[in-house]
Amino acid sequence: MKALAMPVQILVVCGGLAGLGYLIGLGPAMVLAAICGMFAMMAAFGGSLSADLRMLAWFAPLFVFGAGVPRLLGEVSEPAAIALVTVIVFVGGLIPVLGQRYLMAGVGLTMAAVFGYGFRMTGSASWWQVLAAPALAIAVVTLIRLAAGIGDPDKPIRAAIADALLGDREAAGTAWRQWFTGRPVRWTAMALGQAMRYRAAEGVLDGRQAVLEDERLAAEVRSAEEEARELAELVRPKQPVEPGTEPRRVIPDDLPGRTGQWLGIMHESLDGIRAAALGRDRSRIELPRELRARVLGGELEGALSWQSVRMRHAVRCALGIALALVLAHFRPGDPLTIALLMTTVSIMQPEWRDSLTKVGQRVLGALIGAAVLALAVWLLPPALLLPLALLAALVGMSMMTTKPVVFNACIVLMSVTMNASRLRADPLAELLEYLILIALACAIGLAFGFLAVPGVRKPSPAERFAELCAAFEELFGTVAGVLRGAGVPRQEQAVRFRRAALAKANLLATEPSGGASARSGATELDEADEAASGLYVGALALALPGQRDEALAEALTPVRAALASGTDPDVEALREGARDLEEEHRLVFDALVSDLVRLRRGAPETVGGTH
């Protein structure tokens, strides 16, 4: 059934948009509206309803501009249109620096701009039809998102919190982003914070078990994991359900070191999740208005540097698509050049192995599709080729993400057959031209995908992690000065936040390479990246203007010590320092401690540190 969901959804969206476009008089631009609907869907889903609608609010004008204006400009000046598409692709490549949630928005904008410019319509369309097509697409997609989420707008947040509690590392970051960008309420804040605290304690105790081999400790951890699974099902539904019986807990007296304290933290965290899920305090948490703006602004400032891997990748993408656009310019009116443009865009990835994988999938799919089409031309009557193309489209869409080779093979069948039918041309001649364009696109994508920037050395994962810890140690030193009222200049604060944002952005990002992947130790680094996101937001929340708290500034001392020394935080010192803090500051501080533990768990092996 899931395999059928994708093609049905695409048929409904594209068919509905084509029909609406016909009714309102879009003429040949109704096809543009239908295809733009697919690209708009990329940005419409991924968070809570309020977060998605806010994203669509700023994405919509950018999307309409990108899909429509370059095409209109091309009727006046082709070089200017090529330059504009290049700029839009560059912007689309930078958008993901705001977070993984924005990744598909950047992809959707890039695809819409390239397709809107390169697609050859059957007939001419007026300027208002060209602009109305993407506007209609984004409007319909917004209504679809509203209808899909109006009954339970916060379902994605609850599901992500539950998955994070079960140990899904990707869900942990997703839950945090969805909560922060949505309409945060108190019970989900408590549940999420305690879930992160529980996972941090559980990770530390997992490491202790391997050393101590104490069956009592192992039994307590297993019992806590079972309770966490029950609590996840308590968090997930819209309304709370009747809880099971509370488990009996025991903390052995003679456990070495701080093991007993970590067991206590684990139990406290589970109690906090239970209380939050049953109480469901839906009062809003009023985050400072400037906090979101400063988080997003800090991420963007960190990326606007030649030291940013994402920045360099955006430059490579822009140069690659510029070359493809120039080549397409010398083939005016050829409908198959859209394959050159779209393939070039899809191949170039930040990681060299991803680019190579995309090329392999594209080439293999094209060869399989070509073989099937050649057999079809030989064995089938010409009247059956067009139905074959429609069937290939349905099959391919159902396997777009699961089996990309099959998807690419089906795209060959669909594109070549439909184009040959429309132009009344020889399908085999069209197929040969299509394969040449795909080969050219692969060459461009690989050339710019592998292009390393001179003078910029690619650091190892251990070096990137060490840079991250150093940047955050300096950042919390600055924050402590702000809390003490030391008169830290705003420019100095901005420099510290920018350096931390850049270090965080570069932690997972990679550069082209001909050897092994730069993302060695990627699983650990993923957790470190999510922890760094929490530390960054916590630092911003503490450094907001008007906050003065000597006790909180002093409590940050062991946090900075742990970042500087590369060891696990001193839990006893951290808990002692937070004893006299106000409730809101204690919540922030607890989150910082949890993120600090997770950061140490995400350290690459070569960095060392205890776990």
Side-chain angles (χ1 to χ4, degrees), residues 26-33 35-36 39-40 42-43 58-96 105-138 300 303-304 306 310-348 437 440-441 443-445 447-449 451:
L26 289 185
M30 68 181 184
V31 179
L32 179 61
I35 302 301
C36 282
F39 301 140
M42 293 180 176
W58 65 260
F59 181 72
L62 197 60
F63 184 81
V64 174
F65 180 89
V69 172
R71 184 182 194 92
L72 296 176
L73 184 61
E75 297 177 1
V76 179
S77 172
E78 284 284 344
I82 291 174
L84 181 56
V85 174
T86 301
V87 171
I88 294 173
V89 170
F90 172 74
V91 172
L94 277 186
I95 287 177
V107 173
L109 174 63
T110 298
M111 293 290 190
V114 173
F115 184 87
Y117 172 77
F119 178 61
R120 297 295 177 239
M121 298 180 186
T122 303
S124 60
S126 64
W127 67 268
W128 75 266
Q129 290 174 321
V130 171
L131 293 178
L136 176 64
I138 199 74
L300 189 58
L304 294 178
W306 198 240
R310 177 60 66 176
M311 172 78 162
R312 297 195 292 270
H313 174 64
V315 170
R316 286 195 296 268
C317 287
L319 292 175
I321 196 61
L323 177 58
L325 288 167
V326 170
L327 294 176
H329 174 66
F330 292 104
R331 301 176 59 85
D334 186 351
L336 287 182
T337 54
I338 191 65
L340 167 68
L341 300 178
M342 299 300 285
T343 301
T344 302
V345 168
S346 65
I347 285 174
M348 289 184 290
L437 291 175
L440 184 58
I444 295 173
F448 285 92
L451 184 63

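Side-chain atoms are counted along with the backbone in the values below, which use heavy atoms only and exclude waters and symmetry mates.
Across Val130 and Ala125, no two heavy atoms sit closer than the pair CG2-CB, 4.1 Å. Closest heavy-atom contact between Pro134 and Ala67: CB-CB, 3.7 Å. Gly108 approaches Phe63 most closely through the heavy-atom pair O-CE1, 4.1 Å. A pairwise comparison of heavy atoms in Phe119 and Ile338 identifies N-CD1, 3.8 Å as the closest pair. Nearest heavy-atom pair, Leu131 versus Val64, reported as atom, atom and distance to 0.1 Å: O-CG1, 3.8 Å.
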task: Could you go through the side chain to side chain contact (heavy atoms under 4.5 Å, CB included) check for Val345 and Phe115 one step at a time?
output: CA-CA 10 Å; Val345 168; Phe115 184 87; over 6 Å; no
- request: Take Leu26 and Leu32 through the side chain to side chain contact (heavy atoms under 4.5 Å, CB included) test and state the conclusion after the steps.
  value: CA-CA 9 Å; Leu26 289 185; Leu32 179 61; over 6 Å; no
- request: Could you check Val85 against Phe90 for side chain to side chain contact (heavy atoms under 4.5 Å, CB included), going step by step and ending with a plain yes or no?
  value: CA-CA 9 Å; Val85 174; Phe90 172 74; over 6 Å; no
task: Evaluate side chain to side chain contact (heavy atoms under 4.5 Å, CB included) for Leu340 paired with Thr344, printing each intermediate quantity in order.
output: CA-CA 6 Å; Leu340 167 68; Thr344 302; 4.1 Å; yes
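For the pair Thr110/Val91, no side-chain contact is recorded, criterion being any heavy-atom separation below 4.5 Å from C-beta on.
Every pair passing side-chain hydrogen bond (donor to acceptor under 3.5 Å, both in side chains) that includes a residue from residues 69-94 is listed here, sequence neighbours excluded: Glu78-Tyr117.
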List the atom pairs, with distances to 0.1 Å, where a side-chain N or O of residues 318-332 and a protein N or O form a donor-acceptor pair under 3.5 Å, not counting sequence neighbours.
residue, atom, partner, partner atom, Å
Arg331, NE, Asp334, OD2, 3.2
Arg331, NH2, Asp334, OD2, 2.4
Arg331, NH2, Glu433, OE2, 2.3

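The CD1 atom of Ile444 lies 8.5 Å from the CE atom of Met348; values are rounded to the nearest 0.5 Å.
Applying the side chain to side chain donor-acceptor pair (under 3.5 Å) rule to Thr337 yields no partners; only residues at least two apart in sequence or on another chain are considered.
In the displayed structure, Trp127 atom CH2 is contacted under 6.0 Å by at most 12 heavy atoms of other residues, nucleotides or ligands.
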